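Structure first, then comments.
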Amino acid sequence: MRSPLVNKLSLIFGPRPPLNRILLCLVSVCVLLALLSSFSTTTFDSATSYAKPDIYTNYRKLKEQARNDYLELKSISLGANLIKDVGLCGKERENYVPCHNVSANLLAGLKDGEEFDRHCELSQEHQNCLVRPPKEYKIPLTWPAGRDVIWSGNVKLTKDQFLSSGSMTKRLMLLEENQIAFHSEDGMIVDGVKDYSHLIADMIGLGSDTEFLQAGVRTVLDIGCGFGSFGAHLLSLRLMALCVAPYEPSGSQVQLALERGLPAVIGNFISKQLPFPSLSYDMVHCAQCGIIWDSKDGLFLIEIDRLLKPGGYFVLTSPTTQQQDSTTSTKNGITSSSLEEFTKKLCWSRLAQQEETFIWQKTADSQCYTSSSQGEIPVCKGNEMQMYYQPLAHCISGTTSRRWVPIHSKSDHLNSTELEIHGLHPDDFFEDSNFWKLALRNYWSLLSPLIFSDHPKRPGDDDPLPPYNMVRNVMDMNAHYGGLSAALMEARKAVWVMNVVPLGARNTLPLIHDQGFAGVLHNWCEPFPTYPRTYDLLHANGLLSHIASQKCSMFELLLEMDRILRPEGWIILSDTLGTIEKARTLAAQIRWEARVIDLQNGSDQRLLVCQKPFVRK
């Protein structure tokens, strides 16, 4: 028998609800509170404020929240049955590099080295799958230890390839059971890297290789770099040395250099120009790089001339057979007399020769190319800005450019006159620089707790600092003026940045090179010329909107980013809210742990911070 009060309440509120309905309401309230809590924590310091020190505390909670956001996206936002993870590629694609299908290139009739060149137009291999790491893959050692020791299972290199290698830098390796160790100290072998570097400095009239910077040498293009030991030494001298080598199915120079944390990119100018603008490098270096320089009517040497800045150096070290008449011939059929004849047409002067090493210097006088005695090679005409895998040209580039400035006349930092050459007002450039300094502070503060949640401190250690050596290889996929690279350098982070200027955007690559940074021109509707798992951090500001304007697929771009990012690597995307939300949906399909960050500055801009998981089949 119910009391009169209960009966009255029943008339007002209706009959008592079942117990399961009450429980359902309670669960719904809890879920709602959790979601509100999640959204309230997804904030990020604005670009005008400094990061607070307490962001380093409770970082495990932040990591857990990122996982919760990932699950929330799958189960709530889209529905558990509407999203399907992208599958894994087969084992045969563990070291897959698109646009470099040698078999397809041979079937198309390409030969004489062109079969190893980049041919995206012949690649019909689109598979929406994730390139998985080899079974023996391990996270690389932290820098600088990872420069000298790498895991052998992370690269495709057989013992026979190691033993049959004969180049100088390859002989600096020691192959152990599951590691490859690299030695670059003096005294290890007769032709030690430091001795070789000192020899080059001496040949161009310097007292030591520590004087390269004072002589105007800041950027070096190392063609056929072996496994990067010479470049590693130049980096220690604060030079930017970029390795360029052709695609190799195994034993790749580029793959090993990147695994060591050294700048490298796949490139082959057997038939096409490299994706760099004219007047990009202070020195071009080739040590036993296998190129027959006087073939194809000197087209390869003309390409080197295009890349060299006025007063720049071409260093060639090639195995030779010394003869009594001082004319040397290499195993590749190159003769010093034929080289000397052609380099005079290029207005180069031979500075010195010591045994197998030759050094030429490009003229600083642009009028030399139009003089009657040197006019056998014509001067190029037309726009030279968008040099994107164009055919090798039999003409001299850059002579009419406002960037024709001898390397010894350049300042360490771009002055107002040099900025105006690039069409920039100094105030705009410095405003951009300050923006990226503050943005970097925020990025580093955000990533620090997440990165170190996987690497807890050992007993007795101090609290972990912001990521100093957990991230080494960084790619800025829409580099603009190179501001992120400059901010990282000024902050003395132990990283290097591959600055990529997208095709179709304003070509700021000459500005990036003139600052002494590494960079390439690239069409993001196509795959990037690198091996899988070669970058630790990918950054893209406005790139997603750019590729949408180019009518390209965001999904294919994110798959490509997954290919070139190492397991447990990081992605930072900055774009408009709608674009970021779409990217977040796709990131869940690619299995990334994704988190949207509201900048809280009143703009429509959002950050999408993702981490690639270590997926094994």
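A quick note: this is a predicted structure, and the numbers were derived from the prediction, not measured.
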Closest heavy-atom contact between [X] and [Y]?
X	Y	result
Cys289	Gly224	CB-CA, 4.0 Å
Leu538	Tyr535	CD2-CB, 3.9 Å
Met240	Pro263	SD-CG, 3.8 Å
Arg306	Phe276	NH1-O, 2.8 Å
Gly542	Asn478	C-ND2, 3.9 Å
Pro277	Ser280	O-OG, 2.5 Å

Measure the shortest side-chain to side-chain distance between [X] and [Y] over non-hydrogen atoms and say whether it is less than 4.5 angstrom.
X	Y	value
Leu274	Glu303	yes
Ile571	Leu608	no
Gln611	Trp592	no
Leu557	Leu544	yes
Phe269	Ile223	yes
Tyr313	Asp282	no
Leu258	Val254	yes

> So which pairs with a foot in residues 547-560 pass salt bridge (Lys or Arg N to Asp or Glu O under 4.0 Å), sequence neighbours left out?
Replying inline: Glu560-Arg563
> Which pairs count as salt bridge (Lys or Arg N to Asp or Glu O under 4.0 Å) when at least one residue sits in residues 523-535, sequence neighbours excluded?
Replying inline: Arg118-Glu526
Sequence neighbours left out, what passes salt bridge (charged side-chain N to carboxylate O under 4.0 Å, His left out) with [X]? Give chain and number order.
X	value
Asp476	none
Lys135	none
Asp562	Lys612

>> Determine whether the aromatic ring centres of residues Tyr196 and His233 are separated by less than 6.0 angstrom.
In response: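 Centroid distance His233-Tyr196: not below 6.0 Å, so no.
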> What do you reckon, are the aromatic ring centroids of Tyr443 and Trp570 less than 6.0 Å apart?
Replying inline: no
>> Taking side-chain contact (heavy atoms from CB on, under 4.5 Å) as the criterion, tell me which of Asn268, Val244, Ile266 meets it with Pro529.
In response: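 Between Pro529 and the candidates, side-chain contact (heavy atoms from CB on, under 4.5 Å) is satisfied uniquely by Ile266.
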> What residue among Thr585, Leu559, Ile547 forms side-chain contact (heavy atoms from CB on, under 4.5 Å) with Met554?
Replying inline: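 In the set Thr585, Leu559, Ile547, the residue that makes a side-chain contact (heavy atoms from CB on, under 4.5 Å) with Met554 is Ile547.
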>> Ring-plane angle category for Phe528 and Trp524, please: parallel below 30°, perpendicular beyond 60°, tilted otherwise.
In response: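 It falls in the parallel class, under 30°.
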> When the ring planes of Trp293 and Phe300 are compared, do they come out parallel, tilted or perpendicular, using 30° and 60° as the limits?
Replying inline: perpendicular
So, does [X] use its side chain to make a donor-acceptor pair with the main chain of [Y] at under 3.5 Å?
X	Y	value
Asp536	Arg472	yes
His513	Thr219	no
Arg566	Glu259	no
Tyr247	Val97	no
Asn105	Glu115	yes

> Crowded around Lys582 NZ? As in, over 12 foreign heavy atoms under 6.0 Å?
Replying inline: no
>> Can you list everything that forms a side-chain contact (heavy atoms from CB on, under 4.5 Å) with His480? Sequence neighbours excluded, please.
In response: Asp432
